[in-house]
**Q** 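Please find one structure pasted underneath; my questions will follow.
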Amino acid sequence: MNAKNITLEDLRNRDRMWRPACHFTPALNWMNDPCGLVYFHGQYHLFYQHNPSDADWGSMHWGHAVSTDLLTWHDAPIALFPTDPEGMAFTGSAVVPSEKSAGAGWNGEPDTVVAVYTGAIQRTTPLDNHQRQCIATSRDGHTWVPEGVVLDNPGIQNFRDPKVGWHPEAGHWFMVLAVERNINIYTSHDLRSWNQSDTITVSTALPAGVLECPDLFPLPVMNASNRTEWVLVIHVENVDPADPGAYYTVGSFDGHRFLQTYDAFLPIDGGHDFYATQSWANMAPGDERRVWIAWSANSAYARRQPTSRWAGVMSIPREIRLRYMDGRPVLCQVPLRELASKRRSSVEPVQQRFTSAGLSRYYRVENSSAWDILVEAKSCRILLSFGSAGFITIYRGQRTFTIDRTACDMGRFSGLVDPVKTIVLYPDCGEKPLTRVLFDRSILECFLDDGHRATTDLVFPEVPLQGIVVAAQLYDGVQVFPLRPAMHRDTDRF
Ligand code: FRU
């Protein structure tokens, strides 16, 4: 379709077909990385990289939404604007000092949330010295006061995306920062004055490309009592589009230096579209979970999405854990358990028949755009049917998992992405073999077993979902839940 000939009705149709109902999207215009994820004053805050004047990357602000359950988000006014002299508000994080540093708060104020982010001055020549780490403070999480640069640029082009955390044993703050092909660690007692304590060089352990959006946090290991490992997360920009570019490794961290336990960095997600993940700095009191969210996109083609009035979708928030498998701790991700509260009653198949793949159950899709499908089976086939436009096929075998988007694919990105992708499963599937599929108009997330494998893919079918087919053995457990919309935004108002 010629962009010039797009009518308002076309735009509305695109929203109806592709605007997810349970995943966060910006009301209008461009969104990329999640930023400043924090719980403050009874609300979860989701800030995000946002260009408020175009559905393409551009002048970076921090867009803002709040939630009490991490699923139903309410738009809030823009939190951070580009300023002089800080420049654009690139990615960063936020913390609540009074919770950690012995109640010291911020400048004696107990009730403050502090954002640490990259101020980026738009300058092309010379390219260095233009990314510095800045802070902004807020008393309510909504109105922010920029307080200037706290870590200046030593003459390096790519020097960004500070993620700040608290090290309980060392009793100080730390910051991980992406610096070209390294991750630098800095420490601080007041979030203003920072000293470098380590440089982690990834050398050839990762595909070539600039590093972005690091994160570092402790996680208990599920099947090893009292054992906790530190997880270092790294993203690599513009890798092969078949690889979303999100990696992790585990190690020990004494507050100053990170020591990798295993050489390898493992991919976080087996799909194409999972990038710039960030974990919440804190959760509601008493909630010990580590939850993260990612920008569901691939940096290789993120700017070519066809949604038009808005661009960008976040993954469903995921609880993350570690589990020993194959002799090392493996990151497991499962959708936030509160998502179950969005389920309507499970639907029954309208037709069943025996096929070579087992009992094939057909579910009719009426009105609901989002689905949560659970299949307890060693092998199964799940087809998302788009009528004459074809199927998305999801196949779980004994050792492999394949998503085939050929019929309903990213044709618009052809040449960049192979519509068929197969990943290898771990031999030990934990308690039970479970394939869980979340489909929400233009995003498909799959979780295997206890989440030791997850895939995230964008899909832009030309027609809405019409039916779901699940083929598995007669005795295998199959549940198909329509999901109630979590977002209550009237997208037709624009
Ligand atoms: C990652 C990223 C970050 C940067 C931000 C700018 O997607 O490139 O490194 O801070 O986006 O929007």
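In this chain, numbering begins with 1 at the start of the sequence shown. On a predicted model such as this, the values are computed, not experimentally measured, just so you know. Order of appearance sets the numbers: ligands from 1, and atoms from 1 within every ligand.
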**Q** Heavy-atom distances under 4.0 Å are what count here, so tell me which part of Asp33 touches ligand 1: side chain, backbone, both or neither.
**A**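 For Asp33, only side-chain atoms sit under 4.0 Å from ligand 1.
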**Q** Which residue and non-hydrogen atom of the protein lie closest to atom 8 (O) of ligand 1, and at what distance in Å?
**A**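 Result: Glu212 OE2, 2.7 Å.
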**Q** Would you check whether Trp295 has a nitrogen or oxygen atom less than 3.5 angstrom from a nitrogen or oxygen atom of ligand 1?
**A**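 No, Trp295 has no N/O under 3.5 Å of an N/O on ligand 1.
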**Q** Before signing off on this row, confirm whether Trp57 and ligand 1 have an N or O atom pair separated by under 3.5 Å.
**A**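 Among all N and O atoms of Trp57, at least one is under 3.5 Å from an N or O of ligand 1.
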**Q** Determine whether the aromatic ring centres of Tyr186 and Trp194 lie less than 6.0 Å apart.
**A**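 Not close enough - the centres of the two rings lie 6.0 Å or further apart.
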**Q** Between the side chains of Asp69 and Lys342, is the shortest nitrogen-to-carboxylate-oxygen separation below 4.0 Å, so that they form an ion pair?
**A**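 Salt bridge present between Lys342 and Asp69.
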**Q** Would you mind finding which of Asn32, Val210, Thr118 brings a heavy atom closest to atom 11 (O) of ligand 1?
**A**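 Nearest option to atom 11 (O) of ligand 1, by heavy atoms: Asn32.
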**Q** Between atom CD of Gln157 and atom NE2 of His130, what is the distance when rounded to the nearest 0.5 Å?
**A**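 Going from CD on Gln157 over to NE2 on His130, the span is 6.0 Å.
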**Q** After noting the C-alpha distance and the side-chain angles of Phe447 and Leu438, does the key distance pass the side chain to side chain contact (heavy atoms under 4.5 Å, CB included) rule?
**A** CA-CA 8 Å; Phe447 301 88; Leu438 286 184; 4.1 Å; yes
**Q** Nearest protein heavy atom to atom 6 (C) of ligand 1, by residue and atom, and its distance?
**A**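 Checked against all protein heavy atoms, atom 6 (C) of ligand 1 sits closest to Gln49 OE1, 3.2 Å.
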**Q** Using the salt bridge (charged side-chain N to carboxylate O under 4.0 Å, His left out) rule, collect all pairs that involve residues 35-60, keeping only residues at least two apart or in two chains.
**A**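 Every pair satisfying salt bridge (charged side-chain N to carboxylate O under 4.0 Å, His left out) with a residue in residues 35-60: Asp56-Arg303.
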**Q** With atoms numbered from 1 as shown, which atoms in ligand 1 lie under 4.0 angstrom from a non-hydrogen atom of Asp161?
**A**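 The atoms of ligand 1 under 4.0 Å from a heavy atom of Asp161 are 3 (C), 4 (C), 9 (O), 10 (O).
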**Q** By number and element, which atoms of ligand 1 are closer than 4.0 Å to a non-hydrogen atom of Arg160?
**A**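 The list of qualifying atoms is 3 (C), 4 (C), 9 (O), 10 (O).
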**Q** Which of the numbered atoms in ligand 1 are under 4.0 angstrom from any heavy atom belonging to Met60?
**A**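 Listed by number with element, the hits are 12 (O).
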**Q** Measure centre to centre between the rings of Phe47 and Tyr117, then say whether the value is under 6.0 Å.
**A**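 No; Tyr117 has its ring centre 6.0 Å or more from that of Phe47.
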**Q** Phe217: which residues meet the ring pair (Phe, Tyr, Trp, His ring centres under 6.0 Å) condition with it, sequence neighbours left out?
**A**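 Checked Phe217 against ring pair (Phe, Tyr, Trp, His ring centres under 6.0 Å); zero matches.
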